[in-house]
Number of protein chains: 2
Amino acid sequence: MGKRRGSGRATITDVAEHAGVGAITVSRMMRDPSKVSEKLRSRIEKSIRELQYIPDPKARALASGRADVIGVLIPSLSNIIFADTLRAIHDSTQNTPYQVLIGNTRYDAEEENHLLSLFLAQNPAALIVVGIDQSDNSIKLLQEANIPVVQIYEIGQNPIDMSVGLSHIAAGEAMVEHLLDQGFSKIGYLAARLDPRMERRLEAYRKKLKSLESFDPKRVILTNKASSVNIGRELMRQLIGCAPDTDAVICANDDIALGALFECQAQGISVPEQMGIIGFNDLEMMQAAYPSLTSIRTDRYKIGTLAVDKILQRLNGDETDQKQIDTGFELIQRDSTSRR
Amino acid sequence: MGKRRGSGRATITDVAEHAGVGAITVSRMMRDPSKVSEKLRSRIEKSIRELQYIPDPKARALASGRADVIGVLIPSLSNIIFADTLRAIHDSTQNTPYQVLIGNTRYDAEEENHLLSLFLAQNPAALIVVGIDQSDNSIKLLQEANIPVVQIYEIGQNPIDMSVGLSHIAAGEAMVEHLLDQGFSKIGYLAARLDPRMERRLEAYRKKLKSLESFDPKRVILTNKASSVNIGRELMRQLIGCAPDTDAVICANDDIALGALFECQAQGISVPEQMGIIGFNDLEMMQAAYPSLTSIRTDRYKIGTLAVDKILQRLNGDETDQKQIDTGFELIQRDSTSRR
DNA sequence: CTGTTAGCGCTTTCAA
DNA sequence: TTGAAAGCGCTAACAG
């Protein structure tokens with residue numbers, strides 16, 4: 001018969017004995033002090049302090065059937081965009097019992113599905129996933145999990161549960177409109193490996209220009225390589241080679257926009273006089289660049305904050321009024337597109 | 001007497017019954033298939049598949065006393081530097097049973113200590129912490145935990161257990177030497193909020209220049225604000241104001257270096273003719289910049305990979321030969337400091 | 001190679 | 001308001 005010793009750390013039973021109460025009373029006291037009489041409360045508090053008791057979350061989770069864990073599935077760990085949101089999520093869970101568990105899907109639907117299964121095996125309290133293009137399988141898992149789920153960055157037709165983000169179609173249109181407003185007419189598009197949100201912005205650009213009969217496929221430069229500032233330079237170089245009369249470019253993100261700017265500088269092309277440039281995300285560097293770079297500001301921190309807010313609300317039993325939040329976007333006009 | 005129903009998902013007992021074996025056999029089979037006979041193995045595998053069984057890590061952790069979790073404490077979630085290493089850590093644990101748990105210390109020793117307690121309450125298999133400046137309290141916790149611990153990014157005198165990183169003093173010296181080699185002599189320093197590693201690089205710069213009697217405190221521009229490209233511009237502007245004869249700057253990181261470059265461009269100061277610029281980390285954009293920016297390359301991905309390697313080794317029982325790994329650094333010379 | 005039994009640390013259920 | 005007993009899903013220990 002197996003006698004096993006614990007980790008050496010104080011357990012709830014140790015605290016209970018030390019305080020001369022039942023273990024369950026200590027348990028109650030940890031979760032809701034108001035359920036324990038004043039007298040016992042202070043005694044237990046003292047014991048906790050003296051024994052340096054820290055509850056074991058996995059034992060709690062096992063016993064209660066729910067873990068104080070919020071799972072977050074993001075497509076990339078080294079993309080500053082997601083990092084901003086992760087930071088918000090961490091910040092917002094700071095004074096809650098919830099722990100954040102991060103999964104890296106690498107933009108791969110199968111990996112997402114796999115991680116989802118693993119996460120669900122831990123009975124997380126809620127899940128946050130990026131985008132609205134989960135596989136059917138993932139959607140099924142998410143629905144059956146019966147916990148709050150937030151899709152972030154993007155809003156669409158049929159949210160699985162809740163969603164917090166923006167319309168990338170509208171953002172794509174806004175970029176084109178801004179350039180047209182500023183008098184640019186031969187507008188190119190630079191993009192590296194596309195994610196669904198980039199695809200939708202690109203598609204909006206295509207549609208818009210086609211409707212104006214000024215779409216020219218020569219001006220769309222794509223690559224399957226991962227996005228980077230260097231790739232931005234490369235794409236700009238190609239564009240200038242293929243379609244030298246292009247007078248402005250929409251970039252899939254700010255890294256590419258910065259690379260485009262550098263390439264223009266290297267080739268002596270003046271921005272915005274000879275070439276307008278607009279990026280997406282409005283990273284901090286866009287303002288610092290010389291000339292400063294126009295971009296679409298997306299509030300990535302807020303997206304994370306709101307996602308957690310919604311989750312906590314639901315976890316507290318408040319039925320949410322609003323299942324979908326449009327965080328919008330703002331076009332920040334700077335020198336790189338200011339012609340008038 | 002409490003009758004409770006589980007989460008609805010299949011448990012190990014379900015699988016055992018379905019396969020007509022004992023639960024423990026299923027357990028063994030999951031952890032080491034070679035310990036189970038061929039015959040039962042295939043039967044169990046079938047049951048697992050049919051019931052879609054996924055083991056519950058918290059139950060396993062509770063029963064075995066050790067969680068398949070590697071805790072990682074980093075000072076910032078939105079710093080690309082740490083993101084690169086996190087990615088490496090995630091990648092390296094990909095095909096292992098280990099899960100990565102991230103804690104954000106916000107460069108705060110107390111927060112680090114707090115998170116450490118929380119993490120340790122979960123019996124992690126190993127821990128990774130940043131730097132070598134943990135509080136006494138944290139060091140004690142780390143030592144008593146009796147698990148593999150890796151300090152990363154920096155190597156120093158008394159590693160708690162293992163460490164993987166580089167000497168920031170040597171890096172600081174290398175930066176100064178490079179500039180001197182290139183004929184720069186009035187060398188400034190730009191830095192935002194300092195972390196211990198930046199401090200050591202700055203200190204190395206001070207020492208070096210003092211020994212050459214060419215240290216001038218006017219040329220050291222510091223701020224407590226968080227680092228950013230915009231701050232880089234601001235610092236450069238200040239430096240030019242205070243010490244206009246400065247002919248080169250060492251930047252605490254690449255963001256600041258990029259800002260410094262933009263400020264020079266805005267002021268019509270030619271780089272490197274009138275101003276040399278060197279950054280730290282060698283982010284991808286440094287090569288793309290125009291003119292391209294010299295920087296110190298630190299292999300942040302490798303640091304993460306090696307940290308996990310070391311941990312896995314130890315977890316597999318191999319006693320490590322090497323407790324400290326110097327991942328070194330490489331000065332990547334580019335246009336921004338190339339005078340000869 | 002396989003199974004039985006006890007128990008990880010906590011919470012639920014039920015009773016006082 | 002408090003507690004005793006049972007059990008969450010799994011594995012260690014021991015036995016066969």
Side-chain angles (χ1 to χ4, degrees), chain A residues 1-44 48 51-69 97 120-123 125, chain B residues 1-44 48 51-69 97 120-123 125:
Chain A
M1 59 223 65
K3 271 273 152 51
R4 286 188 272 166
R5 10 159 296 100
S7 64
R9 238 168 287 118
T11 72
I12 202 170
T13 317
D14 298 334
V15 176
E17 277 171 10
H18 184 105
V21 300
I24 187 61
T25 308
V26 178
S27 171
R28 286 203 187 94
M29 147 92 212
M30 303 283 315
R31 287 172 296 160
D32 185 355
S34 75
K35 291 191 153 182
V36 175
S37 69
E38 186 84 46
K39 207 177 66 187
L40 289 191
R41 203 185 309 165
S42 62
R43 238 166 59 206
I44 295 173
I48 288 176
L51 298 182
Q52 300 199 55
Y53 171 65
I54 298 174
D56 183 335
K58 56 185 171 300
R60 171 179 290 180
L62 186 59
S64 69
R66 43 177 211 85
D68 287 345
V69 163
L120 288 173
Q122 311 193 38
N123 303 74
Chain B
M1 57 227 62
K3 272 271 150 53
R4 284 188 275 163
R5 13 160 292 101
S7 62
R9 236 167 288 118
T11 71
I12 202 169
T13 316
D14 298 334
V15 176
E17 277 171 11
H18 184 104
V21 301
I24 189 66
T25 309
V26 178
S27 171
R28 285 203 187 94
M29 146 91 211
M30 303 281 320
R31 287 173 294 159
D32 186 353
S34 75
K35 291 191 153 182
V36 175
S37 70
E38 187 84 44
K39 208 177 64 186
L40 289 191
R41 206 186 305 166
S42 61
R43 239 165 58 205
I44 295 173
I48 288 177
L51 299 182
Q52 299 199 56
Y53 170 64
I54 298 173
D56 183 336
K58 57 186 171 303
R60 172 180 289 179
L62 187 59
S64 68
R66 44 178 210 84
D68 287 345
V69 163
L120 288 172
Q122 312 193 38
N123 305 73

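Order of the sequence lines sets the chain letters (A, B, ...), proteins ahead of strands, with each chain counted from 1. Just so it is clear, the model here is predicted, and its values are computed rather than measured.
Between B:Ser34 atom OG and B:Arg28 atom CZ the span is 11.5 Å, to the nearest 0.5 Å. Rounded to the nearest 0.5 Å, atoms CD1 (A:Ile54) and CD (B:Gln122) are 10.5 Å apart. Taking CD1 of A:Ile44 as the start and CE of A:Met30 as the end, the distance is 10.0 Å to the nearest 0.5 Å.
Judged by distance alone, the side chain of A:Arg9 and the main-chain N or O of A:Asp56 form no donor-acceptor pair under 3.5 Å. In terms of modelled atom types and a separation under 3.5 Å, the side chain of B:Arg43 and the main chain of B:Ala19 share a donor-acceptor contact.
Within the 4.5 Å cutoff, side-chain heavy atoms of A:Ile12 are placed close to those of A:Ser27. The side-chain heavy atoms of B:Arg60 and B:Asp68, taken from C-beta on, include a pair separated by under 4.5 Å. Residues A:Lys58 and B:Asn123 are in side-chain contact: their nearest non-hydrogen atoms beyond the backbone lie under 4.5 Å apart. Residues A:Tyr53 and A:His18 have side chains not in contact (no heavy-atom distance under 4.5 Å, counting atoms from C-beta outward).
Residues from residues 12-24 of chain B with heavy atoms under 4.0 angstrom of DNA chain D, sorted by number: B:Ile12, B:Ile24.
Comparing C:dT11, C:dT2, C:dC10 by their closest approach to the side chain of B:Val36 singles out C:dT2. In the set D:dC10, C:dC8, D:dC14, D:dC14 carries the atom at the smallest distance from any side-chain atom of B:Arg28. Here the nucleotide nearest the side chain of A:Ser37, chosen from D:dC10, D:dT1, C:dG9, is D:dT1.
The environment of B:Arg66 atom CZ is sparse: at most 12 non-hydrogen atoms of other residues, nucleotides or ligands sit within 6.0 angstrom.
As rounded to whole Å, 17 Å separates atom C1' of C:dG3 from atom CE of B:Met29. Rounded to whole Å, atom P of D:dC10 lies 12 Å from atom CG of B:Leu51. D:dG9 atom P lies 10 Å from atom OH of B:Tyr53, rounded to whole Å. One atom, CG of A:Asp68, and another, P of D:dC8, lie 20 Å apart when rounded to the nearest Å. In this structure, NZ of B:Lys58 is placed 9 Å from C1' of D:dG9, rounded to the nearest angstrom. D:dA6 atom P lies 18 Å from atom CG of A:Leu62, rounded to whole Å. In this structure, B:Met30 places its CE atom 13 Å from C1' of D:dG9, rounding to the nearest Å. Going from atom CD of A:Glu38 over to atom C1' of D:dT2 covers 16 Å, rounded to whole Å.
Remark: the B:Arg9 side chain and the D:dG9 base include no donor-acceptor N/O pair separated by less than 3.5 Å.
The bend of the helix from C:dC1-D:dG16 to C:dA16-D:dT1, defined by the angle between the axes of its first five and last five pairs, stands at 30° to the nearest 10°.
A sub-4.0 Å separation between OP1 or OP2 of C:dC10 and a side-chain N or O of A:Ser27 is absent. Distances shown here put a side-chain N or O of B:Arg31 below 4.0 Å from the OP1 or OP2 atom of D:dA12.
Residue contacts for B:Ser34: at a heavy-atom cut-off of 4.0 Å it reaches the sugar-phosphate backbone alone, with no base atom in range.
Each of B:Thr25 and A:Ala59 was assigned the nucleotide of DNA chain C with the nearest heavy atom; the assignment lying further toward the 5' end belongs to B:Thr25.
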